[in-house]
Every structure is written in structure tokens, then in C-alpha cells.
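Here's the structure we're looking at; comments come further down.
Naming convention: chains lettered A, B, ... in sequence-line order (proteins, then strands); numbering from 1 in each chain.
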Amino acid sequence: MATKILILAEHSSGALKDISFELLGEAHRASADAHVVALLLGNGVSELAAELAKKGASEVIVVESPALENYSSDAYRHEILAAIASEDPDAVLIGNTPNGWDVAPLVAAGLMVPLASGCARIAIADGSAKCARKAFNGKFVHHVEIVDQRPIMATMDKGAAAPFDGETDGSVRTLEPTLDPGKLKSRFVETKKSESGGLDLSQASVIVSGGRGVGAPEKLDVIRELADALGGQLGASRAVTDAGWLPHEHQIGSSGVTVSPKLYVACGISGAIQHVVGMKSSGYIVAINKDPDAPIFGIADVGVVGDLFEIVPALTKQAKEAKG
Amino acid sequence: MKSLVLVKYVPDANSVFRINSAGTWVDESSLSFTVNDYDRYALEELLALKDGGAVEEVVALTVGPQAASSALRTCLATGADRAIHVRDDALEGSDPLTLARVIHQAIKDEGFSLILAGLQADDDNHTQLGGLVAGLLDYAYASAAMKLSLSGETMRVERELENNELQVVDLDLPAVVTVQTGINSPRYASLKGIMAAKKKPMTQLGLTELGMSPDSVGAGASKLKTVGFESPPKGKGAEILTGSPDEVAAQLIKRIREHAGVL
Ligand SMILES: Cc1cc2nc3c(=O)[nH]c(=O)nc-3n(C[C@H](O)[C@H](O)[C@H](O)COP(=O)(O)OP(=O)(O)OC[C@H]3O[C@@H](n4cnc5c(N)ncnc54)[C@H](O)[C@@H]3O)c2cc1C
Ligand SMILES: Nc1ncnc2c1ncn2[C@@H]1O[C@H](COP(=O)(O)O)[C@@H](O)[C@H]1O
């Protein structure tokens with residue numbers, strides 16, 4: 001019998017999100033005999049269902065209700081549990097995205113099954129699964145196994161899996177919603193932009209960023225001086241902006257700004273995935289870190305293993321001389 | 001209103017981590033531990049609600065070994081009113097669902113109206129314990145809060161999405177919310193707070209008190225098992241420069257000129 005894998009499609013503003021296609025791709029790779037079912041929750045989403053049926057889903061299950069127009073944890077939990085009850089999949093894959101990490105544990109608790117979260121890869125066979133997930137914010141790969149559970153549940157990191165690259169001729173089916181809109185414990189209100197100051201790093205051509213390794217707010221001057229010498233802007237990891245050493249608008253990454261300067265210099269930044277997604281398309285990446293195993297060296301073009309307080313001032317001095 | 005914060009005692013993020021000899025986790029023997037960063041922000045949210053009069057009691061709970069009581073003492077010194085330490089050797093190696101069952105058992109009769117946890121633990125990054133506890137209690141739930149505001153029986157939560165977007169949701173109390181870092185500026189324990197903490201109650205709960213059997217918890221009962229632990233693949237990998245600071249700086253300048261067209 002085929003291995004039935006249910007994936008949760010995500011969409012916003014009338015378009016499917018990339019994670020949906022990545023989950024379809026990973027579901028096909030996860031098992032040699034995968035039968036991939038996409039679950040689509042929304043309101044007026046028939047075009048999206050047709051797209052999923054072409055781009056990797058063998059079957060698409062659509063649940064439509066005005067209460068599903070926007071994401072809410074309670075409505076999604078309710079309909080995902082209902083779909084799992086009626087479809088009885090071997091495995092359920094959800095994105096490790098803001099909505100995915102919100103709803104996945106509620107579903108896991110509802111089913112009393114374990115959840116492997118933040119996975120880059122998953123292999124499913126005979127009711128068991130092997131997953132490679134990140135720990136210590138990407139400094140390590142944590143291999144976990146789920147043995148003999150139904151369904152297997154995992155969340156997949158965004159950008160980790162290649163999208164399905166083929167064409168399918170899937171079928172589309174509708175399931176009646178079972179939720180009672182009057183009884184939802186969580187309700188969507190609105191989506192809005194967070195406030196930010198005037199700085200816009202997205203257009204900068206040179207960025208020098210500091211991370212937790214800088215150690216203290218006053219020591220950021222070392223980074224600022226290199227930025228000035230290179231004619232660039234000052235960026236930061238979340239560790240720096242959360243600590244209040246710099247305003248939020250300097251934060252680069254998934255929950256900050258995405259940048260692609262000609263030159264990006266990362267100082268005392270480990271290279272967590274949430275930081276890397278915001279700067280990996282930079283033209284040339286320099287990393288300075290005292291830990292030779294820091295993940296930032298995996299994506300940098302050139303690196304120096306050492307104390308930033310020795311390397312950065314030397315670089316600043318020579319950059320000034322080079323400019324004349 | 002009674003409130004609870006879940007805290008985890010984790011290795012300091014600023015450490016250099018090495019893999020242990022068994023190849024199952026980091027070598028924790030040489031590391032210093034601290035309150036998980038996310039949980040400090042969660043505690044601060046509750047203390048601020050208490051300052052404002054909306055919350056009467058702030059309780060801190062951890063599940064962990066003897067040493068983890070130090071995380072609870074930090075919470076008490078910072079302003080929490082009492083602490084619960086769930087501790088039993090049999091709990092070693094529990095997966096998140098097992099931990100959530102234990103926490104559920106410890107708190108289900110307490111009647112907390114608001115439970116805060118961190119979005120994730122900085123060590124295992126499971127990003128699920130808050131949601132699991134919410135699911136077991138059948139409470140309303142939201143994750144990654146960047147703002148909380150309480151009005152009557154409703155908690156409005158601004159959830160962090162990506163690209164500087166926020167999703168605003170209303171939750172009916174009782175609720176569990178996980179907190180993202182940067183939501184506030186956590187206060188530090190004062191000397192007075194540290195003295196006062198010595199008189200605050202800290203309850204120890206073992207499996208006997210919880211009415212749970214040792215074989216229903218721990219590594220044996222957990223369905224999510226660690227089977228390996230390694231450094232991430234290096235990808236294409238950076239060219240690593242060596243030499244004195246001045247020598248590597250000179251090499252960097254040359255490459256920055258050639259490859260980035262800067263300078
Ligand atoms: C939902 C979510 C969203 C997130 N969004 C973002 C985001 O948008 N942007 C972001 O950056 N992070 C984000 N994060 C946080 C991210 O996971 C990491 O925690 C963060 O990027 C770590 O910052 P860091 O690299 O500065 O600190 P750490 O990971 O602590 O790394 C510090 C580094 O400094 C090095 N170091 C220390 N001292 C020195 C020295 N003297 N010289 C040289 N090197 C030194 C260490 O070896 C270490 O590698 C997010 C997390 C979550 C869960
Ligand atoms: N052992 C524990 N004891 C108490 N709370 C915990 C424990 N582990 C995790 N938590 C809480 O759950 C949050 C998320 O952890 P995790 O799901 O492991 O990433 C943490 O920020 C804590 O608030």
C-alpha cells in the first residue's frame with residue numbers, strides 16, 4: 001500500500017506560498033511510494049487547489065469557510081484534525097513557518113503523537129521516520145527518529161527542501177467544514193506592518209554587521225568604524241537588536257530586512273538560518289568568527305577564524321589606507 | 001488572575017559548543033547555564049501585567065535536574081511570587097510531548113488564566129512546548145508574541161510573521177502564549193529582590209506527587225528519539241584565510257576589491 005502523506009498548503013493574498021511546493025517536493029522524496037495529499041484551508045480558493053493538483057499533489061482536499069479566510073490557530077487546528085480523522089494519513093507535513101509552528105503542536109497534542117520540528121529532510125518507511133532537524137539555532141544537525149506512530153508529524157524548514165519539479169494531474173475534492181465559527185477560542189483581527197524608523201538597509205551596497213560576539217553595545221564602534229571605512233551601513237543580527245544595542249531597523253533576517261549588497265561582512269555572527277535567509281544573496285560575503293565550526297562559514301565566500309577585536313581593527317586601518 | 005511562566009535552564013548562547021563523546025548532544029560538562037532568553041522576555045511580560053494590576057500572582061515552573069532550580073531562583077529574584085520545580089531522575093531524556101504531559105499534570109488543577117512560554121528553547125529549538133501544553137489544557141493559543149494587551153477576558157496578541165509583518169489575533173482566556181525575544185526589555189534582579197527571593201516558596205514535585213509512573217516518562221517512553229548529532233555540512237564552504245591580523249586584512253582587502261568591486 002502507498003504511503004499517504006498529507007501536507008498543509010499555505011497561502012496569502014490569493015497566492016500559494018513557496019513552502020507549499022517545498023512540502024510537496026519533500027513528501028515525494030520522503031517515501032518511494034508516496035501518495036501526496038494537499039490540504040487547502042481557505043475561502044474562495046478553487047484556483048489554488050487546481051494549481052496544487054498540477055504542481056505535486058495527487059489529491060487536493062479543500063475545506064472552505066468564511067472562518068478560514070484568514071489563519072487562526074483554533075480554526076486551523078479544528079479542520080486539520082478533522083481532515084486527519086477522515087483521511088487517516090501515514091504522515092503529516094507542515095511548514096516550520098509562523099503559522100505552521102503555531103498550529104502544528106496543537107494538532108500533535110490533539111492526536112497525542114510526537115512532532116519533529118524544524119526539519120530539513122525526512123524519510124518515511126513502515127510507520128517510522130528519520131528526520132534531520134536543526135538544534136542550537138543551526139549550529140548542529142539533530143537526527144531524530146519517530147518509531148511506529150500514526151500519523152508521523154513533522155514541520156519542515158522554509159527553503160530547506162526543493163519544490164516539486166514535475167507535473168501532476170491530481171484530483172480535487174471538497175470536505176465540509178466542521179468548525180463552529182461562534183465557538184473559536186482564537187480570532188484573526190488583522191495583518192499589519194511593524195513600525196520602523198527611517199533606515200532602509202535593503203538598498204545598501206556595503207553592509208558590515210555585528211552579532212552577539214561583539215559582546216557589548218559600546219564595542220559596536222569597532223564594527224561601525226569598519227562600515228565607515230568601507231563606505232557602508234551598519235547591520236546586525238537579532239541578538240544585537242533584541243538586546244537594544246541597535247534599533248530594530250538594523251536587524252537582518254527573516255523577521256527583519258532582506259538585503260543583497262555587493263559586500264556583506266558578518267562579525268561575531270554564527271549564521272542561524274533566520275539570519276542567513278536575509279543576507280545569503282549578497283554578492284560577496286566575508287565572515288569573521290572565532291568558532292571554526294560556525295555555520296556562517298558554510299555560506300561565506302571568505303572567512304577568518306579569530307577574534308573580531310583583532311581582525312576588524314586591522315581591516316579598518318587597511319581599508320582607510322586603500323581608499324587613500 | 002493567576003499566571004504561569006514556563007522556564008528552561010539552557011546553556012549560555014555565547015558558548016563555543018562541542019559535540020559530546022557519545023555523539024548525541026553537545027558536551028554540557030564545561031558549559032555555564034542560564035534562563036532561556038525567550039523565557040526572560042516571557043517573565044517580564046507577566047511582571048509588567050502584575051505591575052499594572054491585571055495579574056495577581058506570577059508563578060515560574062521548570063522541569064529539570066537539581067541545577068535548574070537556579071533558573072527558578074533567578075525568576076523569584078526578578079519578581080515571580082513562587083516557583084514549582086518538577087524534578088525526577090526518571091524524566092531524563094523526555095521528548096517534548098512527554099514533558100508537556102508532565103507539565104499538564106503539574107498545573108491542571110492550579111487554574112492559571114494566562115500561561116506564557118518562550119517561542120523556543122535556545123538549545124533544542126523544538127518550538128512546540130507552549131503549543132502542546134495549550135493543546136492538552138484545551139486553552140486558546142498564539143505563538144511568537146511581540147505585543148500582548150489584556151482587556152477583560154480577551155487577550156490581544158500581535159504575532160510576529162516574516163518581513164516585518166504582524167498578525168493580530170484575539171484569544172479568549174484562559175490562554176497560552178509563547179513570546180518572541182525583543183518584545184520588551186527584561187528587568188534584572190535587584191539586590192533587594194535576591195534577598196526577598198530567599199523567603200519565596202519553591203515547591204518540588206516528583207513523579208510520585210504527580211501520580212505518574214517512571215515508565216510513562218523519560219527516554220524510554222518518548223517517541224521522538226535522538227539518533228545522531230553532528231555539525232552541519234559546510235556547503236561550498238568559505239576560503240579560510242590564515243596569518244596575523246595584518247596579513248589576513250591585506251588578503252581580505254585584495255579579495256574585496258576583486259570580487260565585490262568595493263574600494
Ligand atoms: C522566528 C525567529 C525569527 C528570527 N529572526 C531573526 C532575524 O531576522 N535575524 C537574525 O539575525 N536572527 C533571527 N532569529 C534568531 C536566530 O535564530 C539567532 O538566535 C540569531 O541570529 C543569533 O545571533 P548571533 O549570530 O549574533 O548570535 P550567536 O548565535 O550567539 O553567535 C555569536 C557568534 O559570535 C562568535 N563570537 C563570540 N565572540 C567572538 C569574538 N570575540 N570574535 C569573533 N567571533 C566571536 C561566536 O563564535 C558565535 O558564533 C530568529 C529566531 C526565530 C526563532
Ligand atoms: N524543561 C522545561 N521546563 C519548563 N519549561 C520548558 C521546558 N522546556 C521548554 N520549556 C518552555 O517551552 C518553551 C519552548 O521550548 P521548546 O519547545 O523546547 O523549544 C521554552 O521557551 C520554555 O518556556
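Highest contact tally toward chain A, considering only B:A238, B:P245, B:G131, is held by B:A238 [criterion: heavy-atom pairs under 4.5 Å]. Per-residue heavy-atom pair counts under 4.5 Å with chain A were compared for B:L171, B:L132, B:T154, and the maximum is reached by B:L132. Of the listed residues (A:H142, A:E321, A:K317), the greatest number of heavy-atom pairs within a distance under 4.5 Å of chain B belongs to A:H142. The candidate with the highest count of non-hydrogen atom pairs below 4.5 Å against chain A, out of B:R101, B:E165, B:E230, B:M155, is B:E230. Between chain A and the residues B:A134, B:G228, B:G182, the most heavy-atom pairs under 4.5 angstrom are made by B:G228. Your options are A:Q274, A:K158, A:R133, and the one with the most heavy-atom pairs under 4.5 Å with chain B is A:R133. Your options are A:V147, A:N137, A:V286, A:L315, and the one with the most heavy-atom pairs under 4.5 Å with chain B is A:N137. Across B:T98, B:D246, B:L129, the residue that shares the most heavy-atom pairs under 4.5 angstrom with chain A is B:D246. Ranking B:G135, B:P11, B:S185, B:P232 against chain A, the residue ahead of the rest is B:P232, based on heavy-atom pairs under 4.5 Å. Between chain B and the residues A:E310, A:E190, A:R77, A:K193, the largest count of heavy-atom pairs under 4.5 Å involves A:E190. In terms of non-hydrogen atom pairs under 4.5 Å with chain B, the most contact-rich of A:D291, A:I296, A:V304 is A:V304.
Remark: B:K223 does not engage A:D148 in a salt bridge, criterion side-chain N to carboxylate O under 4.0 Å. Ionic pairing of B:R18 and A:D293 is present here: one or more N-O contacts between side-chain nitrogen and carboxylate oxygen are shorter than 4.0 angstrom. Between A:E145 and A:K130 a salt bridge is recorded (basic side-chain N to carboxylate O distance below 4.0 Å). For B:K8 and B:D123, the salt-bridge test passes: some basic side-chain N is under 4.0 Å from an acidic carboxylate O. For B:R40 and B:E44, the salt-bridge test fails: no basic side-chain N is under 4.0 Å from an acidic carboxylate O. The existence of a salt bridge linking B:D170 and B:R156 is confirmed by a sub-4.0 Å separation between a basic side-chain nitrogen and an acidic carboxylate oxygen.
The aromatic ring centres of A:Y71 and A:F188 sit 6.0 Å or more apart.
Between the side chains of B:Y41 and B:Q180, no donor N or O sits under 3.5 Å from an acceptor N or O. A:T97 and A:N99 share no side-chain donor-acceptor pair at under 3.5 Å.
Neither the backbone nor the side chain of A:A132 has a heavy atom closer than 4.5 Å to any heavy atom of chain B. The contact between A:I299 and chain B is made entirely by backbone atoms, counting heavy-atom distances below 4.5 Å. Neither the backbone nor the side chain of B:A121 comes within contact range of chain A, judged by heavy atoms closer than 4.5 Å. Within the 4.5 angstrom heavy-atom criterion, only side-chain atoms of A:T258, from C-beta onward, approach chain B. Both the backbone and the side chain of B:V227 come within contact range of chain A, with heavy atoms under 4.5 Å apart. Using a 4.5 Å cut-off between heavy atoms, B:L263 touches chain A through its side chain atoms alone. For chain B, no part of A:V107 is nearby; none of its heavy atoms comes within less than 4.5 Å. For B:Q251, no part lies near chain A; criterion is any non-hydrogen pair under 4.5 Å. Using a 4.5 Å cut-off between heavy atoms, A:V302 contacts chain B through both its backbone and its side chain.
Judged by distance alone, the side chain of B:S113 and the main-chain N or O of B:P174 form no donor-acceptor pair under 3.5 Å. No donor-acceptor distance shorter than 3.5 angstrom exists from the side chain of B:R159 to the backbone of B:K147, with no hydrogens or angles considered.
At a heavy-atom separation below 4.5 angstrom, chain B is approached by A:K262, A:L263 within residues 260-268 of chain A.
More than 12 heavy atoms of other shown residues, nucleotides or ligands fall within 6.0 angstrom of atom CZ in B:R187.
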Discussion item. Side chain to side chain donor-acceptor pair (under 3.5 Å) for B:N184 and B:E45? Distances and angles first, verdict last.
Written reply: CA-CA 7 Å; B:N184 53 38; B:E45 276 306 293; 2.8 Å; yes
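A:F140 and B:F17 have perpendicular rings, their planes meeting at more than 60° on a 0 to 90° scale where under 30° would count as parallel.
Here the side chains of B:D122 and B:Y38 are in contact, with some heavy-atom distance below 4.5 Å.
Every residue meeting the side chain to side chain donor-acceptor pair (under 3.5 Å) condition with B:E239, not counting sequence neighbours, appears here in chain and number order: B:R255.
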